[in-house]
Amino acid sequence: MEYNFAQIEKKWQAYWAEHHTFQAQTDPAKPKYYVLDMFPYPSGAGLHVGHPLGYIASDIYSRYKRLKGFNVLHPMGYDAFGLPAEQYAIQTGQHPAKTTDQNIARYRQQMDRIGFSYDWSREVRTCDPAYYKWTQWAFLEMFNHWYNPETDKAEPIDTLIDKFQAEGRWDGLSEKEQSDLLMQYRIAYLGETSVNWCPQLGTVLANDEVKEGYSVRGGFPVEQKKMKQWQLRVSAYAERLLAGLDQLDWTDSLKEMQRNWIGKSQGAEMVFHVFNGDQEYEMTIFTTRADTIFGVTFMVLAPESDWVEKLTTPEQQEAVEAYLLQAKKKTERERIAETRKVTGVFTGSYAVNPLTGEKVPVWISEYVLAGYGTGAIMAVPAHDSRDYVFAKTFNLPIVPLIEGCDISESSFDAKEGIMCNSGFLTGMTVKEAIPAAIDYIEAHGLGRRKINYRLRDAIFSRQRYWGEPFPIYYKNGIPQAMPMECLPLELPEVDKFLPTETGEPPLARAQDWTYEGWPIETSTMPGFAGSSAYYLRYMDPHNDTALVSREADEYWRDVDLYIGGTEHATGHLIYSRFWNKFLYDCGYVCEQEPFKKLINQGMIQGQSKFVYRIKNTNTFVSYGLKDQYDTTEIHVDVNIVDGDRLDTEAFRRWMPDFATAEFILEDGQYICGSAIEKMSKSMFNVVNPDNVCERYGADTLRMYEMFLGPLEQSKPWDTKGIDGVHRFLRRFWKLFFDRDTFCVSDEKATPAELKALHKLIGKAQDDIEHFSFNTTVSAFMIAVGELSDLNCNKREILEPLLVVLSPFAPHIAEELWQMLGHAESISFASYPAYNAAYTVEDTVKYPVQFNGKLRFLLELPKSLGREEVEAAVRADANTGKYLQGATIRKVIVVPGKIINIVC
RNA sequence: GCCCUGGUGGUGGAAUGGUAGACACGAGGGACUUAAAAUCCCUUGGACCGCAAAGUCCGUGCGGGUUCGAUUCCCGCCCGGGGCACCA
């Protein structure tokens, strides 16, 4: 009987759906295990073979854990709000909800074909009002809470009002003043800030949505603009987000990325007296190098700093204004392009060094950022490279503070050496001087210890249509939370998805977008809003009274294994952790960290193929001969290339332009060039998993994707290698058949057969636990090879073999399992026990050393104890093989070490 | 510039201190077949030596070091991939 994968796979996918095989129930009697994939944004292009890599891995692990007796929660859903559907809507007028539904249907179809064990009854979509009710709810909770630095957690805003009342700062304020005051403390707040504004997208973007001055989605230029926006006070959680990383089982590189993003730096705030003519001010700056205070030769302000106005003298007024104007006109893009190009202007004012009493000039420069520290710095050109370049450009003095350092070409930034020219710090090492300087500053009231974070608050408004509306209305211009009973606040219909003529967001087009007659906020929430707590919603997806019930949360708790791409390191994975910690503070969830273990699957790249057209002709020359002509390289669809041979007929049919193509062949074939690139439609290198399933079956696709290489590693897709895996499955199938008849005997297994089986069980178990799925597949191939050599068709061997294989190739396993006479599908909690007795590796090598010299490796059975090893050594001396009849006085055996022999 | 990764046959990769190249692809040879597909068997890191059996030397980016022994650990370079980048 042939291995008819198409029929088998269809049958079992239907069976699992019909029997709700993978539906998870809360079951306190069983240990839980929560396996989560990062849910996809359903794009119009559908899935390519790269997308399911992580899903296959998580599915294998889920199925394995079920076989090990765990109650596994393995859900899937869609991150369905987002820009592409909206951009498409603007172009076509098609409602984004409709496009999104269609794309989701396609995604579902493609995923179903691969045979995933998702519990689809728990599916969530972020654009579903029943779902985004809870996104809006969380936002309101954040609006109604503040971060209390004393208890180091979020608390209801009422406790802050009580505090203000007790301090006499509340009563007597107008309603507007009260609102403004609280706004400075709310976790979700409306505040004026410099934002990333993208004119082409007509919206602001978060820092992680911008790369090198361009929007991540769309690639449009982004500029800085001051705007009033909703923000989340993520910065309040900076320390907890940093500290929490230590307990997580994530890769070091990912944790490091988050640490850098949070960017903790310890230092001091110091007060400088500054003078604009007769006017005196106290200006605070932040530094991590308090020890270099004696080398301060000037001060620098950010152009956007409030100090600029106060410190510009009348004489310098014109120059400063000109500088500010030109700095403002620059886009973020230009600023980056001009990195390290030094610009600046003198304010005319002077500051006094609090330790030396020396007067130093105050400058303005773009290299100081308004958003970090206090937007003002003390410049120590000898020991900071940026200050150094600035000082050189504007001819400011440079005073070295470390003995013997060379500052003729560049600054000496390293925190090492002995201090000099530094008053009471002279003679100390830098490492001693830093705390000593801060102690001194604190003792003399000149400043204090201070920790700064690079992490900024998350800008939460988007001037777009396709997102969650804010449940906020403006009563006399004062923002008010809508009552929870009004949720979900559904997205209104609009006539167009574009901003209004007056530049307001699309929601301003909605008819009667008001609450009790007051206007409702017209921004919507960003993409990360809906993905920040979806893992909690899966625990209890149909609950209408809570995001997640206490019972469900206390059972499922957190995600045990999270698999997804590394591109979310500084976005989703920070926001989710923040969101979860906030809910934890409020008592809604019982775990501080949402994702215990995280694996980043690598990308599967595409293998692009090229043909070479001789310029101004329709003649194509084969790869090996292309250098003899003047050619243009053209991407060609990988699906009409076999290996590197082009199917020239298919090529002529591929595009009308090529219908009359002529070819210059080598050895009668047209050979294509190739390159490894990102898999994408525009490179014509996309391989669709549907086609692979069609030709080889889902089981082959699943195993092949794992066989390709280590999960975390990026690797190119190469359809050619898939035959090996497919052949393996056919050989596996054949173990159960004698020619055409199903033939499995009840005979006792031989030791050799048992050894092959148990070697596999041990190896597979070990590899799966370490997510080394590529070596697991190899182990299957070896085991099946050994068993076919032994002509083994015994139930005692084949039945456990099916169970071990089933997480990888579930369809074929189920089919054969049924043929063995089982009425039910392969049951949970049936992973065969590994019996080491069958798999003893025969020998171990002991290095043997005597008279101080290592002489040979002694091969002995692994199972030997210490005395037996000694006896073996003495026996060897008797036979004279290595020790040549030496008289042995003492044998020292240390497990894992060299055997020492004293002769 | 800083941080994190990785570098092994024609290719994807295996081996975390003990026989480098498992497993698979590709390639070459053979069996079966009228033929093709499918299947099965053999060879396959390089260089030498030999009729053969067998044997020798070199080899994990480069240069050092530790060790009886290094792809693996340490130090210094070179190259690729990813992240951050005026963060004071």
Side-chain angles (χ1 to χ4, degrees), chain A residues 2 207 211-212 251-265 267-268 270 285-290 292 299-300 302 335-336 338-343 365-380 383-387 389-390 410 413 452-456 566-567 569-570 600 602-603 605 607 643-644 676 703-704 707-710 712-728 730-731 734 763 767 772 774-785 788 844-850 852-857 859 896 898:
Chain A
E2 270 304 293
N207 281 350
K211 249 194 194 135
E212 290 172 359
T251 61
D252 289 338
S253 71
L254 192 74
K255 287 202 263 190
E256 206 52 36
M257 257 190 247
Q258 290 213 345
R259 285 193 192 105
N260 290 341
W261 191 260
I262 295 166
K264 179 178 184 172
S265 57
M270 252 187 266
I285 58 95
F286 174 75
T287 181
T288 54
R289 293 292 301 272
T292 60
M299 311 287 286
V300 189
R335 271 202 181 194
I336 287 165
E338 292 171 16
T339 304
R340 311 214 183 267
K341 189 171 161 188
V342 188
T343 64
S365 177
E366 285 180 306
Y367 84 87
V368 175
L369 304 177
Y372 184 79
T374 61
I377 62 156
M378 63 179 214
V380 185
H383 302 292
D384 181 287
S385 55
R386 295 151 303 179
D387 298 345
V389 175
F390 194 82
S410 63
D413 291 12
N452 253 321
Y453 299 92
R454 210 185 69 106
L455 183 71
R456 309 292 157 83
T566 180
E567 67 271 18
T570 52
N600 295 117
M603 248 209 301
Q605 294 136 317
Q607 225 181 99
D644 46 16
I676 307 296
M703 292 196 85
Y704 183 56
F707 184 66
L708 229 38
E712 295 94 333
Q713 198 172 298
S714 284
K715 54 239 159 185
W717 176 266
D718 179 8
T719 303
K720 270 206 146 172
I722 203 169
D723 286 324
V725 171
H726 191 62
R727 246 171 245 152
F728 156 76
R730 288 226 290 261
R731 279 173 67 179
K734 276 194 187 157
K763 170 93 173 140
D767 285 354
S772 176
N774 54 330
T775 51
T776 319
V777 176
S778 297
F780 284 130
M781 291 176 172
I782 294 167
V784 168
S788 16
V844 151
K845 288 197 182 80
Y846 291 87
V848 177
Q849 184 171 272
F850 61 103
K853 277 219 122 184
L854 185 115
R855 295 295 171 85
F856 57 91
L857 286 171
E859 280 197 51
I898 296 167

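Every heavy atom of this structure was used, including side-chain atoms; hydrogens, water molecules and symmetry mates were not.
Under the 90° criterion around 0 for the glycosidic angle, rG59(B) counts as anti.
Per the geometry, NZ belonging to K763(A) stands 9 Å off C1' belonging to rA22(B), to the nearest Å. Taking atom CG on D718(A) and atom P on rA27(B), their separation rounds to 12 Å, with Å as the unit. Straight-line distance from the CG atom of N260(A) to the C1' atom of rC2(B): 9 Å, rounded to whole Å. Computed from coordinates, the M781(A) CE to rA14(B) P distance equals 14 Å when rounded to whole Å. What separates CG of D723(A) from P of rU11(B) is a distance of 20 Å, to the nearest Å. With rounding to whole Å, I262(A) atom CD1 is found 14 Å from rC84(B) atom C1'. Per the geometry, CZ belonging to F780(A) stands 14 Å off P belonging to rA24(B), to the nearest Å. Residue I782(A) contributes atom CD1, which lies 11 Å from atom P of rA15(B) at whole-angstrom precision.
Here the separation of rG61(B) from rC79(B), taken at their C1' atoms, is 7 Å to the nearest Å. If you take atom C1' in rA54(B) and the same atom in rC49(B), they sit 10 Å apart, rounded to whole Å. Between rU8(B) and rA14(B), the two C1' atoms lie 10 Å apart (nearest whole Å). Nucleotides rU56(B) and rU66(B), compared at atom P, are 28 Å apart to the nearest Å. For the C1' atoms, the distance linking rG46(B) with rA37(B) amounts to 36 Å, nearest Å. Comparing the same atom, P, in rU72(B) and in rA15(B) gives a spacing of 15 Å after rounding to whole Å. Nucleotides rU60(B) and rU16(B), compared at atom C1', are 14 Å apart to the nearest Å. Distance check on atom P: rG9(B) versus rC77(B) gives 25 Å, rounded to whole Å.
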Handout entry: Intermediate values then yes/no, side chain to side chain donor-acceptor pair (under 3.5 Å), D767(A) and T775(A)
Key = CA-CA 7 Å; D767(A) 285 354; T775(A) 51; 2.9 Å; yes
Practice task
Could you give me the CA-CA distance, side-chain angles and deciding distance for F707(A) and S778(A), then say whether side-chain contact (heavy atoms from CB on, under 4.5 Å) is met?
Solution key: CA-CA 8 Å; F707(A) 184 66; S778(A) 297; 3.6 Å; yes
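Considering only side-chain atoms of P710(A), the nucleotide from rG13(B), rA88(B), rA15(B) that sits closest is rG13(B). You'll find that the side chain of E256(A) is closest to rC4(B), out of rA24(B), rC25(B), rC4(B). Candidate nucleotides rC86(B), rG13(B), rC25(B) were compared by shortest atom distance to the side chain of K720(A), and rC25(B) ranks first.
For rA14(B), the OP1/OP2 oxygens have a side-chain nitrogen or oxygen of N774(A) closer than 4.0 Å. For S265(A) and rA88(B), the shortest distance from a side-chain N or O to OP1 or OP2 is below 4.0 Å. A close approach under 4.0 Å does not occur between any side-chain nitrogen or oxygen of R454(A) and OP1 or OP2 of rC84(B). Contact annotation: Q713(A) side-chain N/O to rG13(B) OP1/OP2 distance is under 4.0 Å. Side-chain nitrogen and oxygen atoms of Y372(A) include at least one within less than 4.0 Å of the OP1 or OP2 phosphate oxygen of rA88(B).
Between T374(A) atom OG1 and M270(A) atom CE the span is 11.0 Å, to the nearest 0.5 Å. A distance of 5.5 Å separates CE in M703(A) from CZ in F780(A), rounded to the nearest 0.5 Å. Atoms CD and CG, on E567(A) and N600(A) in that order, are 8.5 Å from each other to the nearest 0.5 Å.
Residues satisfying the ring pair (Phe, Tyr, Trp, His ring centres under 6.0 Å) test with Y367(A), not counting sequence neighbours, are F390(A). Scored by the side chain to side chain contact (heavy atoms under 4.5 Å, CB included) test, R289(A) finds T287(A), D291(A), T292(A), I402(A), K415(A), V430(A), I434(A) as partners (sequence neighbours excluded). For K720(A), the side chain to side chain donor-acceptor pair (under 3.5 Å) test picks out no residue, with sequence neighbours left out.
Looking at D723(A), V784(A), V777(A) one by one, the single match for side chain to side chain contact (heavy atoms under 4.5 Å, CB included) with F728(A) turns out to be V784(A).
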Please tabulate the protein-to-nucleotide N/O contacts below 3.5 Å involving nucleotides 39-44 of chain B, giving atom names and distances.
from, atom 1, to, atom 2, distance (Å)
rU39(B), OP1, R730(A), NH2, 2.9

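Stem list for RNA chain B (at least 3 consecutive Watson-Crick or G-U pairs, distances under 3.5 Å): B:1-7 with B:78-84, B:10-12 with B:23-25, B:26-31 with B:39-44, B:45-48 with B:55-58, B:61-65 with B:73-77.
Among the protein residues, S778(A) comes within range of the nucleic acid bases, having at least one heavy atom under 4.0 Å from a base atom.
In this structure, the side chain of K264(A) does not engage the main chain of R454(A) through any donor-acceptor pair within 3.5 Å.
Each of D387(A) and S714(A) was matched to the nucleotide of RNA chain B holding its nearest heavy atom; the match closer to the 5' end belongs to S714(A).
Identified under the salt bridge (charged side-chain N to carboxylate O under 4.0 Å, His left out) test for residues 254-263 of chain A, with sequence neighbours left out: D246(A)-R259(A), E256(A)-R259(A).
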